Peer 1: 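Sharing a structure, written as structure tokens. Questions coming.
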Protein chains: 2
Amino acid sequence: MKRVSFSDQRCSLAQALEVIGEWWTLLIIREAYFGTRRFSDFQSRLGIARNVLSDRLDRLVENGLLQREPASPGAKRVHYRLTDKGRNLVTVVVALVQWGDRWVSGPENAPIRMVDRATGAEIGDVQVRSQDGRPLAFHDIGLQPGPGADQAIHERFQETVTNDGAVRWRIRRHMAE
Amino acid sequence: MKRVSFSDQRCSLAQALEVIGEWWTLLIIREAYFGTRRFSDFQSRLGIARNVLSDRLDRLVENGLLQREPASPGAKRVHYRLTDKGRNLVTVVVALVQWGDRWVSGPENAPIRMVDRATGAEIGDVQVRSQDGRPLAFHDIGLQPGPGADQAIHERFQETVTNDGAVRWRIRRHMAE
DNA sequence: CAAAATTGGTTGTAAAAAGCAACGTATAAT
DNA sequence: ATTATACGTTGCTTTTTACAACCAATTTTG
């Protein structure tokens with residue numbers, strides 16, 4: 001396959017996908033959310049090939065999303081547990097499940113319900129919001145070069161200053177020549 | 001590779017990944033968010049091989065995330081535009097970018113800033129919330145079999161009724177025997 | 001405590017997917 | 001009318017994944 005790496009792309013989405021974008025990886029994370037800890041349980045629950053599972057677990061541990069710990073105190077056999085970094089992906093997983101429920105499975109065929117433990121009511125839809133809590137639709141979100149933007153990213157944006165002094169960023173649709 | 005399909009798994013995450021989980025696919029969606037519409041712009045912006053791009057675009061159109069439309073009225077040459085189904089993935093993309101900013105790139109190196117167009121302020125962190133808006137942490141989220149759960153999923157859960165009549169679901173850690 | 005079964009992998013091989021470069025048309029620009 | 005650009009497709013190579021067989025260490029069972 002000689003698959004190209006995303007890690008040199010200056011884009012946090014590419015960075016994230018480099019870590020969790022491989023085939024099976026996110027399903028392993030989901031399985032960990034479900035409480036699975038043992039190699040053989042991951043294997044039989046997912047139906048993944050053992051060598052691929054082994055490889056993915058190694059990478060997830062390397063990247064700090066899972067941690068190995070003794071299955072029983074002092075034992076050599078290990079369990080895999082989510083770290084904070086791994087648990088923090090919960091928004092991504094929930095957003096994906098909700099999208100899948102809505103657009104692929106259909107809400108009436110949702111295989112899993114996610115509820116608020118405190119009330120038992122279904123959780124809300126994951127949304128993009130402003131810092132003060134207003135829901136933001138697709139077109140309410142503006143893009144700008146960030147603090148880590150490089151030359152290539154700056155070239156994608158066009159800075160304009162309106163006559164009242166406000167700065168506006170326009171994203172270029174086509175490649176600059 | 002003879003890669004196994006996720007589409008027979010009864011899990012909306014697997015269904016979603018079947019559509020957008022392939023290498024490059026989510027980066028193409030991101031590129032579409034950025035306003036890219038033309039084949040050659042996708043190609044040169046991402047550095048993706050042309051045949052792979054061609055394949056991914058076909059699949060995205062097939063699955064209804066992108067739509068082809070004449071580049072100019074009456075022309076045969078096409079542009080690719082996001083559909084509602086595609087735009088609806090914005091929560092996933094934003095959640096992933098924020099996770100990448102936080103855990104991989106580091107917030108001070110974020111290449112892109114996402115702002116509220118109305119105020120210019122940075123958008124908030126994507127969160128899982130209850131329907132009435134309380135933020136839910138990882139452990140506040142409970143799992144239950146949903147309306148489309150099959151036998152296998154039901155076997156993963158253990159239903160218990162507390163003595164005040166409330167129903168509780170416990171997820172089984174290991175495979176049932 | 002010895003034998004059997006389970007766990008947590010590794011190794012080898014075949015098939016499929018990704019990467020690369022060259023080639024072909026149809027449209028757009030000069 | 002000629003040239004250049006856009007949007008792919010085809011053919012070949014390299015890398016991954018899938019599948020099955022094997023193996024050592026640990027647990028369980030009789």
Side-chain angles (χ1 to χ4, degrees), chain A residues 1-9 14 17-18 21-28 31-32 36-62 66-81 173-177, chain B residues 1-9 14 17-18 21-28 31-32 36-62 66-81 173-177:
Chain A
M1 229 212 275
K2 198 173 23 175
R3 200 177 51 193
V4 92
S5 161
F6 294 156
S7 58
D8 51 343
Q9 285 193 34
L17 290 177
E18 186 72 22
E22 277 179 310
W23 211 237
W24 287 112
T25 300
L26 216 46
L27 289 177
I28 293 172
E31 215 38 60
T36 300
R37 295 179 189 174
R38 302 196 310 200
F39 186 93
S40 56
D41 285 332
F42 282 108
Q43 201 276 317
S44 47
R45 285 255 149 87
L46 291 171
I48 184 178
R50 308 171 79 85
N51 54 348
V52 177
L53 175 58
S54 182
D55 176 76
R56 296 297 185 275
L57 289 173
D58 284 349
R59 272 179 63 75
L60 285 168
V61 169
E62 250 176 58
L66 294 178
Q67 64 191 62
R68 263 184 262 265
E69 54 184 40
S72 48
K76 279 184 193 162
R77 195 158 288 178
V78 294
H79 279 177
Y80 295 89
R81 293 276 286 269
R173 199 177 299 292
H174 305 299
M175 290 293 277
E177 55 277 9
Chain B
M1 229 213 277
K2 201 176 16 178
R3 200 179 51 195
V4 91
S5 161
F6 296 155
S7 56
D8 51 344
Q9 286 193 34
L17 290 177
E18 187 71 22
E22 277 179 310
W23 210 236
W24 287 113
T25 301
L26 215 46
L27 289 177
I28 292 172
E31 213 40 57
T36 300
R37 296 180 189 174
R38 301 196 310 201
F39 185 95
S40 56
D41 285 331
F42 282 108
Q43 201 275 318
S44 47
R45 284 255 149 86
L46 292 171
I48 185 177
R50 308 172 80 87
N51 53 347
V52 177
L53 175 58
S54 183
D55 176 76
R56 294 300 183 275
L57 289 173
D58 283 350
R59 272 179 63 74
L60 284 168
V61 169
E62 250 175 59
L66 294 178
Q67 65 191 61
R68 262 184 263 265
E69 53 185 41
S72 47
K76 278 185 195 162
R77 194 160 291 180
V78 295
H79 279 177
Y80 296 90
R81 293 276 285 270
R173 200 177 295 293
H174 304 299
M175 290 295 277
E177 56 274 15

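As the structure is a computational prediction, the values presented were derived from the model and not from experiment. Lettering follows sequence order; numbering is per chain, from 1.
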Peer 1: Please tell me if B:Arg3 has a side-chain N or O lying less than 4.0 Å from either OP1 or OP2 of D:dT16.
Peer 2: no
Peer 1: At under 4.0 Å between heavy atoms, what does B:Phe42 touch on the DNA or RNA strands: base, sugar-phosphate, or nothing?
Peer 2: nothing
Peer 1: Check for a donor-acceptor pair, side chain of A:Arg56 on one end and backbone N or O of A:Glu22 on the other, with a separation under 3.5 Å.
Peer 2: no
Peer 1: Under 4.0 Å between a side-chain N or O of B:Tyr80 and OP1 or OP2 of D:dA6?
Peer 2: no
Peer 1: Need to verify one output field. Residue with the more 5' nearest nucleotide on DNA chain D, A:Gly47 or B:Asp55?
Peer 2: B:Asp55
Peer 1: Check the interface with nucleotides 11-13 of chain C: list each N/O to N/O pair with the protein under 3.5 Å, or write none.
Peer 2:
unit_1: C:dG12; atom_1: O6; unit_2: A:Asn51; atom_2: ND2; d: 3.3

Peer 1: Kindly write out the residues that satisfy side chain to side chain donor-acceptor pair (under 3.5 Å) with A:Ser44, not counting sequence neighbours, or none if the list is empty.
Peer 2: none
Peer 1: Could you run through nucleotides 21-28 of chain D and give me one letter per nucleotide, 5' to 3': B if any protein heavy atom sits under 4.0 Å from the base, S if only the sugar-phosphate is that close, - if neither?
Peer 2: ----BSS-
Peer 1: For A:Phe39 and A:Lys2, take the nucleotide of DNA chain C holding the closest heavy atom to each; which residue's nucleotide lies nearer the 5' end?
Peer 2: A:Phe39
Peer 1: Think A:Ser54 has a side-chain N or O under 4.0 angstrom from the OP1 or OP2 of C:dG9?
Peer 2: no
Peer 1: Could you tell me how the ring of A:Tyr80 sits relative to the ring of A:Phe42: parallel (under 30°), tilted (30 to 60°) or perpendicular (over 60°)?
Peer 2: perpendicular
Peer 1: Salt bridge check: are A:Arg50 and A:Asp55 linked by an N-O gap of less than 4.0 Å?
Peer 2: no
Peer 1: Does a nitrogen or oxygen in the side chain of A:Trp24 sit under 4.0 Å from OP1 or OP2 of D:dA18?
Peer 2: yes
Peer 1: Both B:Ala49 and A:Ser40 contact DNA chain C. Taking the nearest nucleotide for each, which residue is further toward the 5' end?
Peer 2: A:Ser40
Peer 1: With a 4.0 Å cutoff (strictly under), does any side-chain N or O of B:Trp23 reach OP1 or OP2 of D:dT16?
Peer 2: no
Peer 1: Give a yes/no on whether any side-chain N or O of A:Arg56 is located under 4.0 angstrom from OP1 or OP2 of D:dT17.
Peer 2: yes
